[in-house]
Amino acid sequence: MLLIHTLSGSESEGVMLSPVLNINNLNVETTGRDAYSILDNIHFQVQAGETLAIVGESGSGKSMTALSILGLLPESGLRISSGEVLLEETNLTNLSDKNMNQIRGKEIGMIFQEPMTSLNPSFTIGNQLAETFKYHTNFFRKEIREQSIELLRRVKIPDPEEKLKAYPHELSGGMRQRVMIAMALACNPKVLIADEPTTALDVTIQAQILDILSDLQKSYGMTVILITHDLGVVAETCSRVIVMYAGQIVEEGSVDEIFESPKHPYTKALLLSMPMLGTSKKKLHTIKGVVPDIKKMPTGCRFHPRCEMATDMCRQQAPKLEQTEDGRRVRCWNKL
Amino acid sequence: MLEQAVKTEELLKVENLKKYYPIRGGVFGGITGSVKAVDDVSFTVRKGETFSLVGESGCGKSTTGMCLARLVDPSSGKIYLNNANIHEANKSALKQYRRNIQIIFQDPYSSLNPKLTIRKILSEPLLINGYGSKLEIENRVLSLLEMVGLGSQHMDRYPHEFSGGQRQRIGIARAISLNPDIIICDEPVSALDVSIQSQLLNLLKDLQEEFGLTYIFISHDLSVVEHISDRVAVMYLGKIVEMGTTKEIFESPKHPYTRALLSSVPIANPKTKLMRKRIILEGDVPSPKNPPPGCSFHTRCPFKTEICEKSIPSEFQINKEHSVSCHLVENGAIF
Amino acid sequence: MSEPVMKETLFTDTSVPETLPEVEQSRKNVFWSVFKKSKLGMFSLIFLLLTITISILAPIISPYDPINQNAAERMLPPSGDHWLGTDAFGRDILSRIIYGSQTSLLVGFISVLISSLIGTALGMVAALKGGLLDDILMRILESIQAIPMLLLGLMLLVALGSNTTTLIIAISLGLTVSCARVARGPTLELKEKEFVRASISYGASTFRIIVVHILPNILGPVLVMATLHMASAIRVEASLSFLGLGIQPPHPTWGNMIQDGLRFLTSAPWVAVYPGVALMVVVIAFNIFGDTLRDAFDPHIIRERK
């Protein structure tokens, strides 16, 4: 039996933190005759040692944000039109593919939703881990083996020596995701980006993975960006939250603030519309309509057609992402 | 509770339902074993209630649903609908039975034929079952669309023109079109975003209230199950390990698996995380090809004792509504 | 009791669909844009349409009678009077090629039609019913497939005698097998789809499932296959006629024209070469058209665009 401990907002506030990652006014749009905006002026920082959540529904742009940071936007169809991604001092948006390959895996680790597609089915786990080491370090064979075992141990894989010889299909979904985390950690990256790492897993397995992630974060001061649609996962593991809607950041704050007193109507509605364990509601709150089509973004505030509080102002003018007195950021004319 | 007092009329009774899939292997493709997808499951569903089957992937909840709809033939066991014996039904009785159990599927994209308009999709069941004249069918389709919150302007569109949530509404309309006795909802909201999910859960509840529908709700999402169900059965490796009213299961779970499952659900409230004691289970669900002897949960159970490895626990009645299959609860070793 | 609640909570979800007709359009657009983008595909389509028109209008278009012999004009090289020259019996090659296209296209079309109908039906039923029926049917078809189509044609023609009907039967038989396989694969996939399961649960008959739910969804691959089969059918017909087992002279087909001209290949190459070229070009055109059709139907391309 284990207890989950995570760095809560209040603990991290005391320490002076420096941003590891700076996303400055990042804009992504579709290429082609009509350029549609996919990400609109995304601007945020990731502090060393924190777990930052980016939440949103499908189509909110949360995964696109991750892919832009990693330089993995699909070559055809999308491009970064302006803005920069600063990893400490380096601007990642100008890097060549070759240099970016060096950054990925070494400086920024990543794990994705479906571990099966990210692992090569015809090589053993040991081979694939060794590959990562060979690419980014100049370890010798023995060191590689020792390091690999140590990594698997860190992600709590039982008998790591044996598992090095296993092929991906011989492992369960949860084990594969652990291997992915181990591979992402191989070179001690400065940031770990986890895109829906537990969405494809069962609850009990999800609990194991989240436990590992917060353990790693606690013991090694890992900086994690967790991208998810699950507000429950956010509440359990993260210290700071960015809420995205239709390609924009609509709200940002510490996890306690966001869940206790959401300032954006979308955040609030989202929280209310979730059935939550242990709270019986006769009726769930609903948000009318669906996420807008990128080709037909509403004028004014992008959320106004679905917002219960929309005014004429909201329909006509787009609100800016403003800093509030308590250091949070909200994009709304009628903050709650 | 008053509400529960009303819902006592037994509608569906399932006894010792089993579904084994043969494993073929060897040079000649002989049967070398079996996957026990559903292994000796018994329960009853009452008229007007929502009965949920909950569990992780591979626990047999969907197979149970497919057996009930007779889309999969059970290996053995008895099914009674309105006291009529279904497991021995002949072809025409089976057809009649099938139309009384309709399904809402998980995937809103593969549950509607992409080549048919909504009008055709919804009138097909009516047409096949001789609902009435063309005009009557048309009117019924219109009222079905209205019931699920879609307008008549959608009639002549194709499924790909709709969002996931809207498609799921069409799936619901199709399922209720024949006024079935039971609707099996197989993970109906799992593929949808939170904001759309709540719209549909409310819709399902509204329809139930209005038409007195009976749901068998299959889901892995405990929060959703708690919200929608009257009674819940928790499944693990093809067996029901605990069954009771929603209140009993969620407020005083007895089986160690139910407890672990409940404690694993992330709760969207950062305050509770410090107070909650989480039980994180070790390891994975064993393969149903080769389930462990004795209690199938013993390999992951934090409380397991010697007896758990040897004998299969039988169903122990805690009270009239609450039963559990666990040696330790039965012995009084855990409460 | 609960009615007022219903009216209040069942809001109508109509806030979105204005955007939607575009999707419908874009699907057709994708099909056409792929087609238009492929210059070769467009070209082969136009070429094939032209060929079909010419063969239908053969009696009007062709400058000479294809069968009447004219001893005075034997073995003339291409000229203003005879654009593609004449053969050993003094018949105009161009006219014979035009009439020959009638045979090729007709034999091809009928055998592809027969094989597609029977093959698709067999494939769908086998996949849907499964079990022993599927096993037996597929084994029979596989054993037919083990014999090369040309050999199969030879055997049948020798056994049943050389005539157009036997030729069509022979070619259809060979093509039916691959039709059945092409139809069976996607049907197996569709069978597991939830809309098919739903239709079983509301009582649809097997026939209805096939006609309403399966066939429209496999029409794409079936059409692609039929186009590609046109090419094979024309090729096999030409080969059999070349071997003297297909359509019998003096009736012109490209196959027997090549056979006729083979003896004079060095002295009068036009007799054999021009029908050969006609055959080659039509076969290639059908293949390119089929490939383009496949690309246009391929859902992956649509997904990529998304």
Side-chain angles (χ1 to χ4, degrees), chain B residues 66 69-72 95-96 98-99 101-116 120-121 124-129 145-151 153-154 157-163 165-166 169 171 174-175 177-178 180 184 186 196 199 202-203 205-210, chain C residues 1-28 30 130-131 135 186 189-220 297 299 302-303 306:
Chain B
M66 291 303 116
R70 286 303 295 267
L71 289 175
V72 163
K95 215 169 172 181
Q96 185 59 43
R98 273 199 184 127
R99 90 186 45 147
I101 295 203
Q102 292 294 306
I103 312 164
I104 301 166
F105 294 96
Q106 169 174 9
D107 184 353
Y109 290 88
S110 74
S111 60
L112 304 177
N113 186 342
K115 303 284 176 189
L116 297 185
K120 286 212 176 112
I121 288 173
E124 223 207 2
L126 301 168
L127 202 70
I128 289 172
N129 292 294
L145 279 176
E146 199 183 318
M147 279 179 217
V148 297
L150 292 169
Q153 75 274 25
H154 297 295
R157 296 206 169 137
Y158 288 89
H160 67 260
E161 298 175 54
F162 293 89
S163 65
Q166 288 175 317
R169 284 169 190 264
R174 178 177 61 194
S177 64
L178 296 172
I184 296 176
D186 190 358
I196 309 297
Q199 293 173 0
N202 282 351
L203 175 66
K205 269 202 158 177
D206 289 340
L207 291 170
Q208 182 169 46
E209 270 174 35
E210 168 121 340
Chain C
M1 176 185 92
S2 54
E3 257 176 51
V5 188
M6 285 290 293
K7 296 288 169 282
E8 186 191 304
T9 48
L10 271 186
F11 64 88
T12 313
D13 188 1
T14 49
S15 49
V16 254
E18 302 99 68
T19 58
L20 294 168
E22 212 172 282
V23 186
E24 160 73 342
Q25 237 179 10
S26 82
R27 228 187 207 193
K28 279 180 189 150
V30 169
D135 278 347
E189 217 173 281
L190 283 166
K191 183 183 159 185
E192 300 299 320
K193 285 269 164 124
E194 293 168 336
F195 65 82
V196 175
R197 292 186 154 193
S199 72
I200 296 171
S201 81
Y202 58 67
S205 61
T206 309
F207 179 73
R208 204 179 168 89
I209 291 173
I210 286 182
V211 174
V212 178
H213 297 294
I214 307 280
L215 191 59
N217 285 299
I218 64 169
L219 216 52
F297 274 122
I302 298 171
R303 246 177 256 146
K306 245 184 172 176

So what's closer than 4.5 Å to chain B heavy atoms on C:V212: side chain, backbone, both or neither?
both

What part of B:R174 gets within 4.5 angstrom of chain C, counting heavy atoms only: side chain, backbone, both, or neither?
side chain

Closest heavy-atom contact between C:S201 and B:Q102?
O-NE2, 3.1 Å

Check whether B:D107 reaches the backbone of C:E194 with its side chain - one donor and one acceptor, N or O, closer than 3.5 Å.
no

Interatomic spacing from OG in C:S205 to NZ in B:K95 - rounded to 0.5 Å:
6.5 Å

Taking NZ in B:K120 as the centre, count heavy atoms belonging to other residues, nucleotides or ligands within less than 6.0 Å. Is the count above 12?
no

With chain C, the option among B:M66, B:R98, B:R99 that has the most non-hydrogen atom pairs under 4.5 Å is B:R98

Is there a donor-acceptor pair under 3.5 Å between the side chain of C:N217 and the backbone N or O of B:N113?
no

Look at B:I101, B:N129, B:L112 and state which one has the largest set of heavy-atom pairs under 4.5 Å with chain C.
B:L112

Relative to chain C, which of B:A175, B:A69, B:S111 shows the most heavy atom pairs under 4.5 Å?
B:S111

Give the minimum heavy-atom separation between B:F105 and C:R197, together with the two atoms involved.
CZ-CB, 3.8 Å

Interatomic spacing from OH in C:Y202 to CD1 in B:I128 - rounded to 0.5 Å:
5.5 Å

For the atom pair NE2 (C:H213) and CD1 (B:I121), what is the distance rounded to the nearest 0.5 Å?
8.5 Å

Using heavy-atom distances under 4.5 Å, tell me whether B:I104 contacts chain C through its side chain, its backbone, both, or neither.
neither

Roughly how far apart are C:I200 CD1 and B:L71 CG, rounded to 0.5 Å?
6.0 Å

